[in-house]
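Reviewing the structure listed below.
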Number of protein chains: 2
Amino acid sequence: MSLVLTLDPDDPTPPYEQLRRQLADLITAGQLGPGDRLPPLRQLAGDLGVAVGTVARTYRELELEGLLTSRRGGGTRVAAAGRARATDRRQLLRGMAADFVARARGLGFTDEEIIVALSRQLPS
Amino acid sequence: MSLVLTLDPDDPTPPYEQLRRQLADLITAGQLGPGDRLPPLRQLAGDLGVAVGTVARTYRELELEGLLTSRRGGGTRVAAAGRARATDRRQLLRGMAADFVARARGLGFTDEEIIVALSRQLPS
DNA sequence: TCCTTTGTGTCAAGCATTCGACACAAACGA
DNA sequence: TCGTTTGTGTCGAATGCTTGACACAAAGGA
């Protein structure tokens with residue numbers, strides 16, 4: 001499994017937060033399943049070019065959310081699903097779709113315009 | 001015209017940046033047209049509950065991008081369109097749609113799942 | 001058992017952001 | 001003309017994030 005985690009240096013959003021969002025989405029979407037192991041702090045920090053403490057902060061926050069479990073020497077893994085993952089997965093996509101549509105409408109785009117733009121990206 | 005600008009206190013993204021993105025989108029989408037006046041620094045700062053300097057930073061950055069023009073005593077207005085707004089408008093939506101689809105695919109959702117989720121939000 | 005890996009915690013330093021307040025200059029309106 | 005509005009700039013203080021380094025504890029592997 002090759003994790004695709006990236007940081008945008010031009011984004012004023014703090015790196016620990018950029019990383020947290022990506023991992024949270026990957027887990028909720030099921031790309032990372034319960035028990036899956038995440039990269040060690042030092043490795044991920046080295047790959048992304050940030051300090052160890054920054055990645056540690058991301059892992060800590062996700063553990064507080066119940067998405068990860070960490071053990072010294074044992075690494076950091078995706079927590080056993082407390083809730084039904086299938087439901088979360090569906091809700092995540094539904095929320096993403098709703099956000100996208102709401103944002104487009106708020107910018108004055110008509111439903112027709114939105115549909116046209118989407119049909120360029122999706123086979124239908 | 002009642003601007004809908006909001007700040008999420010829980011979002012670690014700096015307020016000046018949250019505001020900058022919203023205004024940039026509104027302008028590019030054409031919701032705010034050339035010559036339209038924006039709220040005075042002090043008024044917007046008061047409404048959003050932030051310091052004047054924070055809103056000033058947002059206006060300054062947008063002026064550097066060429067989207068706004070500011071004059072002492074004259075207020076801040078949307079700059080005269082340097083480029084064809086119609087094109088920008090279309091490209092903005094196209095980019096938003098592409099980002100949404102790419103993100104969903106990256107999270108492992110199939111095109112079919114994406115279409116189903118969207119059809120719940122859009123009449124078609 | 002012993003060494004390595006790994007997460008956790010601390011620390012000081014630097015930097016960016018925000019805040020609140022104030023002063024100033026330019027445009028506007030009566 | 002004169003007072004108001006408005007953007008700009010500065011200042012010090014506070015807060016939060018990142019960095020780099022270090023030590024420590026727990027788990028795993030040879």
Side-chain angles (χ1 to χ4, degrees), chain A residues 1 3 5-24 27 32 34-80, chain B residues 1 3 5-23 27 32 35-80:
Chain A
M1 174 204 1
L3 274 185
L5 298 171
T6 59
L7 291 180
D8 179 3
D10 296 333
D11 191 342
T13 303
Y16 83 87
E17 174 68 10
Q18 293 185 43
L19 201 52
R20 191 198 63 76
R21 288 179 187 167
Q22 292 176 56
L23 285 173
I27 293 170
L32 287 174
D36 282 355
R37 181 159 186 192
L38 273 65
L41 287 177
R42 295 164 179 79
Q43 178 186 321
L44 185 52
D47 289 348
L48 295 178
V50 296
V52 175
T54 302
V55 179
R57 161 116 193 225
T58 295
Y59 282 5
R60 193 192 326 143
E61 299 226 346
L62 288 170
E63 188 172 12
L64 286 177
E65 294 181 38
L67 294 178
L68 297 181
T69 59
S70 296
R71 286 188 314 173
R72 285 174 176 167
T76 300
R77 297 172 181 274
V78 177
Chain B
M1 176 211 352
L3 273 186
L5 297 171
T6 59
L7 291 180
D8 180 2
D10 297 333
D11 190 342
T13 303
Y16 83 86
E17 173 67 10
Q18 293 185 42
L19 201 52
R20 192 198 61 76
R21 288 177 187 169
Q22 292 177 56
L23 284 174
I27 293 171
L32 288 173
D36 282 355
R37 181 161 184 189
L38 273 67
L41 286 177
R42 294 164 180 78
Q43 178 185 321
L44 185 51
D47 290 348
L48 296 177
V50 298
V52 175
T54 303
V55 179
R57 161 119 195 222
T58 296
Y59 282 4
R60 193 194 325 144
E61 300 225 344
L62 289 170
E63 190 172 11
L64 286 177
E65 295 181 38
L67 294 179
L68 297 180
T69 60
S70 296
R71 286 187 316 170
R72 282 176 177 167
T76 301
R77 299 173 180 274
V78 177

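Residue numbers start from 1 in every chain, and the chains themselves are labelled A, B, ... in the order their sequence lines are given, proteins ahead of strands.
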Notebook entry, point to check: B:Leu32 versus B:Leu67: any side-chain heavy-atom pair under 4.5 Å?
Noted result: no

Check: Are the side chain of B:Thr58 and the backbone of B:Tyr16 linked by a donor-acceptor contact shorter than 3.5 Å?
Finding: yes

Checklist line | Lys/Arg N to Asp/Glu carboxylate O, B:Arg60 vs B:Glu63, below 4.0 Å | finding: no

Next item on the list: For DNA chain C, note the earliest and the latest nucleotide, 5' to 3', having some atom under 4.0 Å of a heavy atom belonging to chain B.
Entry: C:dT17 to C:dC28

Checklist line | Side chains of B:Gln22 and B:Thr6 in contact at under 4.5 Å (non-hydrogen atoms) | finding: yes

Check: Any side-chain heavy-atom pair from A:Arg57 and A:Thr54 closer than 4.5 angstrom?
Finding: no

Atom pairs under 3.5 Å: protein N/O with N/O of nucleotides 18-21 of chain D:
| from | atom 1 | to | atom 2 | distance (Å) |
| --- | --- | --- | --- | --- |
| D:dT18 | OP1 | A:Pro15 | N | 2.9 |
| D:dT18 | OP1 | A:Tyr16 | N | 3.3 |
| D:dT19 | OP2 | A:Ala51 | N | 2.7 |
| D:dT19 | OP2 | A:Thr54 | OG1 | 2.7 |

Check: Which part of the nucleic acid, if any, lies within contact of B:Gln43, taking any heavy atom under 4.0 Å across all strands shown: a base, the sugar-phosphate backbone alone, or nothing?
Finding: nothing

Next item on the list: Ignoring backbone atoms, test whether A:Arg71 places a side-chain nitrogen or oxygen under 4.0 Å from the OP1 or OP2 oxygen of D:dA25.
Entry: no

Note to self: Donor-acceptor pair, distance only, cut-off 3.5 Å: does the side chain of B:Glu17 make one with the backbone of A:Thr13?
What the structure shows: no

Margin query: Side chains of A:Leu19 and A:Leu44, heavy atoms from C-beta outward: is any pair under 4.5 Å?
Written below: yes

Notebook entry, point to check: For A:Gly74 and A:Arg60, take the nucleotide of DNA chain C holding the closest heavy atom to each; which residue's nucleotide lies nearer the 5' end?
Noted result: A:Gly74

Margin query: So A:Asp47 and A:Pro39, do their side chains get closer than 4.5 Å, heavy atoms only?
Written below: no

